[in-house]
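In what follows, a structure is listed as structure tokens, so that the remarks can point back to it.
In this text, all values refer to a predicted model and were calculated from it rather than measured experimentally. Letters A, B, ... are given to chains in the order of the sequence lines, protein chains preceding strands, and every chain is numbered from 1.
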Amino acid sequence: MSQNYKETLNLPHTDFPMKAGLTNREPEMLAKWEASDLYGRIQAARSESELFVLHDGPPFANGDVHMGTALNKILKDLVVKSKTMAGFRAPFVPGWDCHGLPIEYKVVKESRDLSPLEVRERSAAFARKFIDIQREQFKRLGVFGDWDHPYLTMNPGYEAEILRAFAIFVEHGLVYKSLKPVFWSTGAQTALAEAEVEYQDRTDAAAWVKFPIVTGAFKDKASIVIWTTTPWTLPANLAIAVHPKELYVLQEFRHQGRSEMLVLADKLVASFCQASGFEPAGEPVESFPGVKLEGIGAQHPFLPRTAIVLTADFVTMDTGTGAVHIAPGHGEDDYSLGKTNSLPILSPVDDHGRYTAEVGLPELVGHYVFDANPEIVRLLRDRGMLVAEQPYQHSYPYCWRSKTPIIFRAVEQFFIRIDQLRQPALQAITEVNWIPAWGENRIAGTVEARPDWVISRQRSWGVPLPVFYSPNNEAILDPAVIRRLADLVAERGSNIWFELDDAALARALALPEGTRHRNDTIDVWIDSGVSHFAVCARHPALRDPADMYLEATDQHRGWFQSSLMTSVALHNRAPYKTCVTHGFVVDLDGKKISKSGTYSKPMDAGHFVNRHGADLVRLWVSSINYTDDVPFSEEMFTRLGDTYRRIRNTLRILLGNLCDVAFPEGSTSAPPSEFTIVDRWILERLQQVIDDCRAAYAAYEFHKVYQALNQFCAVDLSSLYIDITKDRLYCDAPDSPRRRGTQAAMSQIFEALCKLLAPILVFTAEEAWGHRAGNDRSVHLQLFPEPNESQRDPLAREMVDELLKLRAVIGQAIEKARQEKLIGNALEAAVVLECDERFVTSIPREELEEFFILSDLTLRAAAEARATITRTPNKKCARCWRHRPSVGAIAAHPDLCDRCAAVIEARA
RNA sequence: GGGCCUGUAGCUCAGCUGGUUAGAGCAUGCGCUUGAUAAGCGCAGGGUCAAAGGUUCAAAUCCUUUCAGGCCCA
């Protein structure tokens with residue numbers, strides 16, 4: 001009777017496992033790649049190809065690789081790998097940014113009282129440790145590159161190039177010296193960075209001080225009243241700032257028989273009266289916007305000097321009088337306002353916070369400024385310039401180390417003149433391809449607005465600022481000397497600057513006796529900002545300008561800009577042709593997580609790599625539109641796991657169905673005559689997918705690759721092509737032409753799929769590829785498939801589109817029949833399909849039955865498509881399970897259909 | 001506060017220069033299958049396109065404002 005025919009079928013077979021086991025398999029594959037120098041072999045294979053340089057922006061060498069860093073590096077890798085497979089030679093030389101405050105700060109915090117040299121040695125060790133950690137993490141993500149020879153900004157060779165670039169800046173007259181206020185610790189006699197400042201509550205004298213108007217409107221009729229909590233800065237006052245749009249009043253105030261005609265902001269009259277005891281006498285004489293005060297001169301309260309009234313947007317209406325005392329040497333806003341109005345930078349205070357002779361009041365010279373506060377108040381009162389005084393509690397910056405209150409103090413700094421670079425930089429910006437396009441606006445905005453570049457730092461962990469001082473304390477900026485220093489640094493490292501004393505260094509550089517040097521260093525943004533000069537232009541595999549820089553959107557102001565400025569200074573052009581930016585990683589609710597200290601969920605890339613595998617992390621990167629904020633959540637990883645499994649299973653069933661055919665080198669295929677409509681259609685779809693993916697890779701729109709391949713695997717292949725061709729693959733004779741035709745199509749599809757997936761699923765694509773091609777050939781050495789014009793088949797596409805509409809009609813009818821318990825399996829149905837006549841005539845009924853996966857189809861021409869279901873009277877074939885009229889008609893095989901009977905006969 | 005940008009189903013994305021009932025995959029629900037089986041197939045539900053105004057014969061698509069979010073400044 002009914003025998004078991006299972007072993008007579010051509011069932012799929014493959015060793016490619018359904019379960020990925022990525023966390024175990026990936027490290028094995030990495031080891032194999034490393035042992036066979038896959039990166040080197042790829043480069044060698046492309047040695048004659050057109051060059052494409054993606055220049056790596058160096059991450060800072062501290063901390064673990066978190067999802068934001070992983071996103072960046074994987075995006076770069078997607079570019080490099082897709083360019084490689086598009087036929088380019090795309091080397092990747094990774095780099096690290098090593099110098100800078102965050103490392104120095106950590107080192108200094110761990111152990112105090114280190115010499116600069118000790119700080120530098122420990123900082124270098126710290127950087128090396130994290131370079132090694134990050135390098136392993138990047139490699140683990142499947143990122144290919146020259147990991148054994150990265151560029152480090154602390155390598156002596158790199159440091160020397162920084163100095164050589166600096167020499168050119170000096171030659172071009174871009175570097176100048178000027179005073180600029182910085183956070184200054186009077187206790188430690190050193191400049192501080194913002195991170196080194198801690199805030200404490202403290203009570204100071206708040207003083208309302210009048211500045212009698214001596215020129216312009218209201219001359220000799222009134223005084224402008226300012227409010228300050230740092231009376232000690234008054235000797236450095238040079239101006240008064242008012243808000244241009246806010247309303248100010250001229251009004252008489254009275255208190256204890258005293259009368260004052262004052263100008264102050266309308267909104268702050270009430271708080272002024274409350275704090276000072278003064279009361280308004282009648283209505284304001286006049287009220288006007290602050291801009292009307294611009295240019296007025298006001299007498300300094302105790303020095304023979306006039307303060308000019310300026311307008312500034314930073315003036316607020318929440319405290320004070322709306323008239324802000326400006327001392328350009330003692331405040332950030334004060335400084336920039338003074339700078340734009342060409343005021344001098346006055347800062348009559350020494351390293352210990354004591355007044356210098358410049359203060360203009362002999363009795364105060366040598367006094368510590370915080371002790372001087374009451375003295376200044378007394379002076380104001382004596383001169384009748386004090387309108388009111390009140391103790392004021394506020395949060396004030398303190399030095400984290402010496403615990404002394406911090407002052408803003410102007411010290412000598414070096415600058416790069418941006419005005420000289422601004423126009424050429426803006427021009428260079430227009431010549432760059434910005435992705436997304438709005439990046440151009442953004443960087444142009446920052447370039448237009450940025451002030452001169454402060455390039456000196458009073459820090460130890462950096463490249464020494466190559467400035468020398470003559471015996472009479474004049475700064476020496478000499479390109480030739482800087483180049484000699486660069487040679488010395490290239491040979492012996494930049495520690496030489498800190499190891500040698502003045503005399504030894506002067507001797508080494510052939511400088512006159514008595515020449516001294518200081519311990520200032522160069523801003524680290526110069527370090528990374530000259531990488532095009534130090535790396536791209538020097539590295540034998542690279543080129544300057546690079547084809548692409550790719551970083552997060554904060555780098556419009558950071559590395560993109562610093563690199564642009566230095567490149568314009570050196571070559572008068574941008575260092576990149578294309579600039580790609582990506583957003584930041586944000587949580588499901590759109591909140592940032594990369595940098596938040598309060599975020600408690602794991603953000604280390606390692607966490608997800610160990611849990612899901614690097615290919616899943618890469619699939620995540622490929623799935624999102626990186627030009628926006630990048631969403632990230634556990635749920636997304638669950639979904640991605642489903643997508644991954646779908647892709648993997650598709651590869652697996654293709655492999656299984658190809659188990660009895662050889663891998664065709666160069667993908668030949670059976671002649672079109674062997675193809676049925678569905679074969680022709682899937683090959684047409686494949687050409688489209690190849691087109692779409694190639695275009696999406698070329699435009700760096702990786703999420704479109706993801707969508708296209710996902711759709712292709714899930715819909716076109718899994719639920720259509722593979723499902724439809726199952727019958728012929730399993731039940732036909734192994735070498736039946738239509739079976740072989742389908743295998744030829746599947747082989748081509750498999751090959752193309754592996755290649756198109758390879759940049760994203762680096763491990764899985766390689767694993768699948770190895771099951772077909774043999775393990776000695778890497779998919780990463782292949783080129784992307786080219787669309788095969790001979791397989792374009794718009795007609796097949798059109799036909800199948802129509803057939804799919806009919807399929808939906810049938811599907812709905814069958815679903816209904818199922819619910820009515822008329823049938824279970826769709827193969828039990830007898831379907832009468834009414835449809836357009838051309839389907840009745842142009843495609844064989846058998847082929848339509850196969851396409852719709854039915855046993856029993858009757859076609860009738862009709863205007864509107866309609867399907868009617870009954871239970872088929874045909875018996876079920878014991879082998880192929882279809883209910884066919886021929887079952888029972890063949891004497892030798894009463895339980896088989898004609899097709900299956902013929903196959904069995906042929907086997908015997 | 002300023003500059004640049006974003007906001008379409010539970011999730012990720014389409015939707016070109018405004019033009020038929022806003023699409024896809026995944027997820028969800030209900031079935032089928034047990035010869036891709038810790039798989040596969042079918043059907044179904046789900047969106048006032050952040051909100052409010054405006055331009056237009058017509059807006060997710062253009063303009064304004066608001067709200068929410070991001071980066072960079074202040």
Side-chain angles (χ1 to χ4, degrees), chain A residues 4-14 16 18-19 312-314 316 332-333 336 436-446 448-450 552-558 561 581-595 619-620 622-625 627-646 648-657 701 703-704 706-715 718-720 722-724 726-727 729-731 807-808 810-816 818-819 821 823-828 853 879-881:
Chain A
N4 186 5
Y5 288 100
K6 188 167 174 179
E7 64 273 18
T8 72
L9 298 170
N10 319 302
L11 291 180
H13 175 265
T14 177
F16 183 73
M18 179 178 285
K19 199 161 160 26
D313 287 334
F314 62 74
T316 63
E332 193 67 47
D333 286 337
S336 55
W438 49 258
E440 178 166 354
N441 272 342
R442 191 167 168 157
I443 191 165
T446 63
E448 272 162 16
R450 81 156 294 164
T553 170
D554 57 339
Q555 299 304 330
H556 279 120
R557 197 187 174 76
Q561 197 200 191
T581 48
H582 59 84
F584 275 63
V585 178
V586 297
D587 201 353
L588 250 192
D589 55 4
K591 298 269 166 46
K592 66 170 176 176
I593 46 181
S594 289
K595 287 184 169 176
L619 193 62
W620 166 69
S622 79
S623 74
I624 47 81
N625 174 5
T627 58
D628 282 347
D629 295 332
V630 175
F632 169 84
S633 66
E634 291 283 353
E635 189 199 339
M636 282 178 71
F637 266 85
T638 311
R639 302 273 163 278
L640 286 163
D642 295 328
T643 304
Y644 175 84
R645 275 189 292 278
R646 168 67 67 150
R648 188 177 177 92
N649 271 323
T650 303
L651 291 171
R652 182 165 178 270
I653 187 67
L654 289 174
L655 278 171
N657 281 330
E701 295 172 332
H703 67 286
K704 291 190 176 167
Y706 168 88
Q707 299 274 347
L709 292 178
N710 183 211
Q711 184 97 353
F712 187 57
C713 286
V715 181
S718 194
S719 68
L720 291 174
I722 293 169
D723 208 34
I724 287 167
K726 241 182 218 172
D727 176 76
L729 286 171
Y730 297 178
C731 305
R807 183 174 178 271
I810 296 169
Q812 285 168 345
I814 285 184
E815 191 63 25
K816 194 158 163 277
R818 232 182 235 141
Q819 277 166 18
K821 304 287 178 200
I823 54 165
N825 192 322
L827 288 173
E828 293 162 17
I853 316 183
R879 185 164 174 275
C880 70
W881 297 345

Distance between the C1' atoms of B/rA22 and B/rC49, in whole angstroms? 7 Å
Would one find a side-chain N or O of A/R648 under 4.0 angstrom from OP1 or OP2 of B/rA36? no
Please tell me which of A/I823 and A/M18 maps to the more 5' nucleotide of RNA chain B, matching each residue to the nucleotide holding its nearest heavy atom. A/I823
Using the aromatic ring of A/Y706 (for Trp, its six-membered ring), decide whether it stacks on the base of B/rG25 within the limits of 5.5 Å and 30°. no
Identified side chain to side chain contact (heavy atoms under 4.5 Å, CB included) counterpart of A/R818 within the set A/K821, A/E815, A/K816: A/E815
Would you say A/K726 places a side-chain N or O within less than 4.0 Å of OP1 or OP2 belonging to B/rG35? no
Proximity to the side chain of A/S623 - top-ranked nucleotide from B/rA27, B/rA14, B/rU12: B/rU12
Please state whether the rings of A/W438 and A/H556 are parallel, tilted or perpendicular, taking 30° and 60° as the class boundaries. tilted
Side-chain contact check for A/R639: nearest option of B/rC72, B/rG40, B/rA27 is B/rA27
How many angstroms lie between atom CZ of A/R652 and atom CG of A/N657, to the nearest 0.5 angstrom? 11.0 Å
Of the listed nucleotides B/rU12, B/rG70, B/rG40, the one nearest the side chain of A/D629: B/rG70
Between C1' of B/rC71 and CD of A/Q561, the distance in whole Å: 14 Å
Does A/H703 place a side-chain N or O at less than 4.0 Å from the phosphate oxygens OP1/OP2 of B/rA14? yes
Value in whole Å for how far the P atom of B/rC4 lies from CG of A/D628: 17 Å
Does A/T316 have a side-chain nitrogen or oxygen under 4.0 Å from the phosphate oxygens OP1 or OP2 of B/rG1? no
When you compare B/rU55 with B/rA9, how far apart are their P atoms, in angstrom units rounded to a whole number? 28 Å
Which listed nucleotide (B/rC13, B/rG35, B/rC26) is nearest to the side chain of A/D642? B/rC26
For B/rU66 versus B/rU21, give the span between their P atoms, rounded off to a whole number of Å. 33 Å
Rounded to the nearest 0.5 Å, the OG1 atom of A/T643 sits from the CG atom of A/L709 at a distance of 11.5 Å
Among B/rG25, B/rG3, B/rA36, the one nearest A/R442 by side-chain distance: B/rG3
Contact under 4.0 Å: A/R646 side-chain N or O vs B/rC41 OP1/OP2: yes
Starting at atom CD of A/E701, determine the distance to atom P of B/rU12, rounded to an integer number of angstrom. 19 Å
Considering heavy-atom distances to RNA chain B, does A/N710 or A/K19 have its closest nucleotide positioned more toward the 5' end? A/N710
Review item, nucleotides 42-45 of chain B N/O atoms under 3.5 Å of protein N/O:
residue	atom	partner	partner atom	Å
B/rG42	OP1	A/R807	NH2	2.9
B/rG42	N2	A/E815	OE2	3.1
B/rA44	OP1	A/Q812	NE2	3.1

For A/Y644 and B/rA39, give me the distance from atom OH to atom P, rounded to whole Å. 14 Å
